Amino acid sequence: MLTAARKLGKALLDLALPPRCHLCRCFIPEAGPLHLCPACHDQLPLLSSPCCSICGQPFAGAGHDHPCGACLLQPPTWEAARSAVLFDGGCRDLIHAFKYRHRFHLRRPLALLTARQLGGFVAESNADLVAPVPLHPRRLRQRGFNQSLLLAEILQKEWQLPLQRQLLQRTRYTTSQTELSAEQRAINLRGAFSVPDSTVLINKRVLLVDDVFTTGATLAECSRCLLQAGAAAVLCVTVARAPLTAP
């Protein structure tokens with residue numbers, strides 16, 4: 001009886017508010033949780049093996065995961081990092097709409113896509129808890145929300161891991177990273193984060209969540225801070241990864 005009532009309720013809701021693809025806005029008769037039509041979903045540049053086993057940088061062609069040259073020369077502070085989608089095309093449009101146009105409902109398809117794509121990586125990571133990359137209070141007031149926390153709230157439910165919302169804090173305001181080089185980003189972020197209470201962190205494997213992996217500077221500084229506070233290891237998960245730019 002309850003199932004029939006739910007089906008009727010869904011049918012009435014679909015009639016009043018027809019489900020449409022988040023990208024092309026076409027009508028989707030049988031919309032799944034992602035609310036993306038098959039055509040738009042198939043065009044998403046999903047990331048998979050082979051990739052760097054440390055930073056997650058995708059490799060062209062077939063083969064197995066292995067460390068890239070950059071990680072071998074200068075190992076990052078995290079143990080491993082992975083992204084679900086390349087920050088391009090439809091993925092970039094969804095993240096920009098979510099992050100800069102306050103389309104909060106888009107956190108769900110972005111997080112669910114990440115959960116599906118990176119479920120195996122997270123299962124093998126043996127992570128103990130989830131923590132979002134924090135925003136400085138000033139930036140939080142300007143934006144009104146922390147996109148990493150909104151994503152982490154869904155991911156922790158999908159992966160059945162406890163969420164520590166305030167594990168990391170951003171204690172120093174930094175200028176925008178957008179126009180900075182990788183080296184400048186690292187300098188800009190030095191000492192920008194802190195762990196106010198390390199009690200839940202000692203000897204724990206932390207799954208750090210952010211929206212986009214660009215140069216890895218933010219994740220590296222957060223990881224360094226967590227490790228100094230007593231974490232056993234840090235593993236990084238982002239929805240998207242920015243394509244490599246030509247040198």
Side-chain angles (χ1 to χ4, degrees), residues 34 44-49 51-59 65 68 70-71 76-100 106-125 127 129-135 139 143 145-159 161 163-165 167-168 170 177-178 182 185-186 189 192-193 205-226 233-245:
L34 295 183
L44 288 176
L46 300 177
L47 296 175
S48 59
S49 294
C51 67
C52 173
S53 55
I54 300 175
C55 73
Q57 170 62 39
F59 298 138
D65 294 352
C68 68
C71 287
T77 50
W78 63 75
E79 182 176 293
R82 293 291 186 278
S83 304
V85 195
L86 196 67
F87 188 59
D88 199 9
C91 172
R92 182 180 56 219
D93 294 341
L94 288 173
I95 290 179
H96 278 177
F98 164 52
K99 192 172 177 178
Y100 301 119
L106 294 178
R107 73 169 181 158
R108 182 165 178 78
L110 289 169
L112 291 180
L113 186 66
T114 303
R116 289 182 184 181
Q117 197 70 5
L118 301 182
F121 167 73
V122 173
E124 294 175 359
S125 73
L129 56 91
V130 173
V133 170
L135 289 180
R139 183 81 69 191
R143 184 169 295 166
F145 65 99
N146 179 359
Q147 71 279 359
S148 300
L149 174 58
L150 295 184
L151 293 167
E153 287 175 341
I154 296 177
L155 290 173
Q156 64 98 192
K157 292 179 182 178
E158 291 296 310
W159 291 329
L161 290 169
L163 173 63
Q164 294 293 330
R165 290 175 170 80
L167 184 62
L168 268 171
R170 195 153 186 165
Q177 302 271 90
T178 309
R185 286 176 183 235
L189 289 167
F193 301 94
R205 295 174 63 80
V206 180
L207 194 65
L208 189 62
V209 174
D210 204 1
D211 56 341
V212 181
F213 183 116
T214 306
T215 65
T218 300
L219 295 171
E221 185 60 21
C222 286
S223 299
R224 187 186 68 80
C225 183
L226 290 168
V234 179
L235 303 111
C236 305
V237 163
T238 63
V239 176
R241 184 186 179 100
L244 283 177
T245 55

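These numbers come from a predicted model, not from an experiment.
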| message | Are V212 and T238 packed together at the side-chain level, in the sense that at least one heavy-atom pair is separated by less than 4.5 angstrom? | response | no

| remark: Distance col, row L34:CG vs L106:CG, nearest 0.5 angstrom, shows 11.5 Å

| 4.5 Å side-chain heavy-atom contact, L112 and I154 | yes

| Taking the inter-plane angle between the rings of F145 and F98 on a 0 to 90° scale, is it parallel (under 30°), tilted (30 to 60°) or perpendicular (over 60°)? | tilted

| task | Considering only NZ, NE, NH1 and NH2 on the basic side and carboxylate oxygens on the acidic side, decide whether E158 and R116 come within less than 4.0 Å. | result | no

| said: Could you tell me if the side chain of S53 sits less than 4.5 Å from the side chain of R82, heavy atoms only? | reply: yes

| Is the closest side-chain heavy-atom distance between L226 and F193 below 4.5 Å? | no

| request: Indicate yes or no for a side-chain donor-acceptor contact from R205 to the backbone of S125 under 3.5 Å, with no hydrogens or angles considered. | output: yes

| message | For F121 versus C236, what's the shortest heavy-atom pair and its separation? | response | CE2-O, 4.1 Å

| said: With a 3.5 Å distance limit and no angle check, can you tell me whether Q117 reaches the backbone of L47 through a side-chain donor-acceptor pair? | reply: yes

| said: With a 3.5 Å distance limit and no angle check, can you tell me whether R107 reaches the backbone of L150 through a side-chain donor-acceptor pair? | reply: yes

| request: Please check if any side-chain donor atom of S148 sits under 3.5 Å from a side-chain acceptor atom of D210, or the reverse. | output: yes

| query | Is there side-chain contact between S223 and P76, with heavy atoms separated by less than 4.5 Å? | reply | no

| task | State, yes or no, whether a side-chain contact exists between L86 and P243 at a heavy-atom distance under 4.5 Å. | result | yes

| field | Nearest non-hydrogen partners of R241 and C55, listed with the distance | value | NH1-O, 2.7 Å

| query | So Q147 and Y100, side chain to side chain contact (heavy atoms under 4.5 Å, CB included) or not? Walk me through it. | reply | CA-CA 10 Å; Q147 71 279 359; Y100 301 119; over 6 Å; no

| field | Heavy-atom pair with the smallest gap, counting every atom of C51 and D65 | value | N-OD1, 3.0 Å

| note | Correct closest heavy-atom pair for A84 and L113 would be CB-O, 4.4 Å

| note | Tightest non-hydrogen contact, residues Q156 and L161, listed as NE2-O, 2.7 Å

| Pairwise side-chain contact, L155 with L163, heavy-atom cut-off 4.5 Å (strictly under) | no

| Roughly how far apart are D211 CG and L149 CG, rounded to 0.5 Å? | 12.0 Å

| task | Measure the shortest side-chain to side-chain distance between L94 and V239 over non-hydrogen atoms and say whether it is less than 4.5 angstrom. | result | no

| task | For N146 and P134, work out which heavy atoms get closest and say how close. | result | ND2-CA, 3.7 Å

| field | Check: A123 main-chain N/O paired with W159 side-chain donor or acceptor under 3.5 Å | value | no

| query | So how far is it from C225 SG to R170 CZ, rounded to the nearest 0.5 Å? | reply | 11.5 Å

| Which is it for L208 and V133 under the side chain to side chain contact (heavy atoms under 4.5 Å, CB included) test, yes or no, and what are the steps along the way? | CA-CA 7 Å; L208 189 62; V133 170; 3.9 Å; yes

| query | Is there a donor-acceptor pair under 3.5 Å between the side chain of T214 and the backbone N or O of A242? | reply | no

| Quick one: CD1 on I95 to CG on L151, what's the gap to the nearest 0.5 Å? | 8.0 Å

| Gap between atom CG of D93 and atom CG of D88 - 0.5 Å precision | 9.0 Å

